[in-house]
Amino acid sequence: MNLSKFRQRGPFEWELPASGRMRVPGVIFASQALVEAMDDKVGEQIANVASLPGIVEAAYAMPDAHWGYGFPIGGVAAFDAGEGGVVSAGGVGFDISCGVRSLHTGLKLADVEALKPRLADVLYRRIPAGLGSTGALRLSAREMDAMLLGGARWAVEAGFGDEADLARIEESGRMAGADPAAVSEQAKKRQRDEMGTLGSGNHYLEVQVVDELFDIRAARAYGLSEGDVLATIHCGSRGMGHQIGTDYLRAMVIAAARAGIALPDRELACAPLDSELGRRYLGAMRAAINCALANRQILTRLTRQAFAELFPGIRLPLLYDVSHNTCKEEWHVLGGQRRRLFVHRKGATRAFAAGHAELPAEYRQVGQPVLIGGSMGTASWVLAGAAGTGEHAFASACHGAGRAMSRHEALRRWQGRSVVDELAARGILIRSPSLRGVAEEAPLAYKDVGAVVEAAERAGLAVRVARLRPLVCIKG
DNA sequence: ATGTTC
């Protein structure tokens, strides 16, 4: 990134002052090395987002940011409905409510080390993975609507988990305001057979060990000790989210023109929050959030069954479940005023600071668990919402390592087979239906996740709690 | 991310 137009606010904060059509500045939270390595398109995209009607404070990019559809991935932007604010399908992304859920296994490294190959095989057999994969469930129209309204709560009531799971999920497992009638028949049809499936791309199920603790107090609150084994699921709303994104993007291109919104980029298509289309999109997007929460709940059940094959009687309670592709209505204080905002987080994790009323009581003293999925074969991280430093970017943090190159470039550089073999030699077992997918997800196709989370911490977005090392990865 | 181009 050419930084000549940027002003450095602090060692980990870079401001692109408002100019031209920008209504607010753009701000990137990153180290100098990370921001210099970012594509110039990230700067162009935050400038474009900053020009949208009703945006407040700034258009933000997290340290893992990279070029995306309209909005950068790793982007955060909040809008005020009372000031003509908009909602944008491209600001949420196509994989609506893609997110990360971590489960405690109660096992230690020594318990699983010798069983790793069997664990990998059992998980791979039970977890449907890959493009177009289908699950054991076939939802009727009535069940589909109940799922879209109920999210993980619907899944728990259908036998896919325990009541206790719900307290460890954002929104207590059920996003309010979902409108199944705003979801097209096509979107429902695509999802009918896909509940309880991992999908493809960067989605995975990983068995991990807590390698090192960085914040003992928060680790204790989260129930983490060195040597603990976790199971982590990274996936989203499958075909449904993608179809909703496609449907509404098309409608928003027309609606934006009709509302007289000049779009700097067609991919920023949006609708006023205070409009019929804006309300319908929010209803459909919230239904897709519930779809993703239900999907991760069903995958949790499959994961528990797989572990129980090797460890009879085992329980896998939730650590937490975060969604990192959403638009959520939240209250934030701006210039001393409490305001109701619609916060788009696209490849960005909500990161409530300590004391937030929506956090489970046992986490309230240390802040929200922020689950960071690393790239395949590299570390993942648990962070805590910005305790002590105050919230930034509407209480948001990074979501992963962030791609450092395109899938195309990764395919040119690596072969899936050798990536699998090299990771196996390091004790990391990969199981995937797609060697091509594995090549696209090669560890070096991503930024250094350690540098990303360090920048997130030093920018004040979140605090590092624990680093996790992968043992087994079921790759979609 | 994605029935990888209705």
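In the text below, chain A, chain B and the rest are named by the order of the sequence lines, each starting its count at 1.
For the pair A:Glu194 CD and B:dT4 C1', the interatomic distance rounds to 14 Å; values are reported in whole Å. Distance, A:Asp95 CG to B:dT2 P: 6 Å, rounded to whole Å. When rounded to the nearest whole Å, the span between CD1 of A:Ile244 and P of B:dT2 equals 14 Å. A straight line from CG of A:Asn325 to P of B:dT2 spans 11 Å, rounded to a whole angstrom. For the pair A:His242 NE2 and B:dT4 C1', the computed distance is 9 Å after rounding to whole Å. Between the CD atom of A:Glu441 and the P atom of B:dT2 there is a distance of 11 Å, rounded to whole Å. Summarising the geometry, the separation between CG on A:Leu198 and C1' on B:dT2 is reported as 14 Å, rounded to the nearest angstrom. Put simply, CG on A:Asp193 is 15 Å from P on B:dT2, counting in whole angstrom units.
Near DNA chain B, meaning a heavy atom under 4.0 Å from it, residues 400-415 of chain A has A:Arg407 in order of number.
Projected onto DNA chain B by closest heavy-atom contact, A:His203 and A:Arg436 fall at different nucleotides, the more 5' of which corresponds to A:His203. Along DNA chain B, the nucleotide nearest A:Leu131 and the nucleotide nearest A:Phe94 are compared for position; the residue whose nucleotide lies closer to the 5' end is A:Phe94.
Residue pairs satisfying the ring pair (Phe, Tyr, Trp, His ring centres under 6.0 Å) criterion with at least one member in residues 167-204 of chain A, sequence neighbours excluded, are listed as follows: A:His203-A:His234, A:Tyr204-A:His234. Listed by first and then second residue, the salt bridge (charged side-chain N to carboxylate O under 4.0 Å, His left out) pairs that reach into residues 229-255 of chain A are A:Glu194-A:Arg238, sequence neighbours excluded. For residues 55-74 of chain A, the set of pairs meeting the salt bridge (charged side-chain N to carboxylate O under 4.0 Å, His left out) definition, not counting sequence neighbours, is empty. For residues 144-155 of chain A, the salt bridge (charged side-chain N to carboxylate O under 4.0 Å, His left out) pairs, not counting sequence neighbours, are A:Asp145-A:Lys188, A:Arg153-A:Glu163.
Residue A:Gly201 is in sugar-phosphate contact alone, with no base atom involved, counting any heavy-atom pair closer than 4.0 Å across all strands shown. In this structure, A:Gly199 reaches the sugar-phosphate backbone alone: every heavy-atom distance under 4.0 Å involves primed, P, OP1 or OP2 atoms, never a base.
Residues passing the side chain to side chain contact (heavy atoms under 4.5 Å, CB included) test with A:Arg464 are A:Phe214, A:Trp381, A:Leu383, A:Val453, A:Glu454, A:Glu457, sequence neighbours excluded.
Ring pair A:Tyr248/A:Tyr281: centre-to-centre distance below 6.0 Å. Aromatic ring centres of A:His392 and A:Tyr60 lie farther apart than the 6.0 Å criterion allows.
Contact between the side-chain N/O atoms of A:Ser200 and the OP1/OP2 oxygens of B:dT2 is found at a separation under 4.0 Å.
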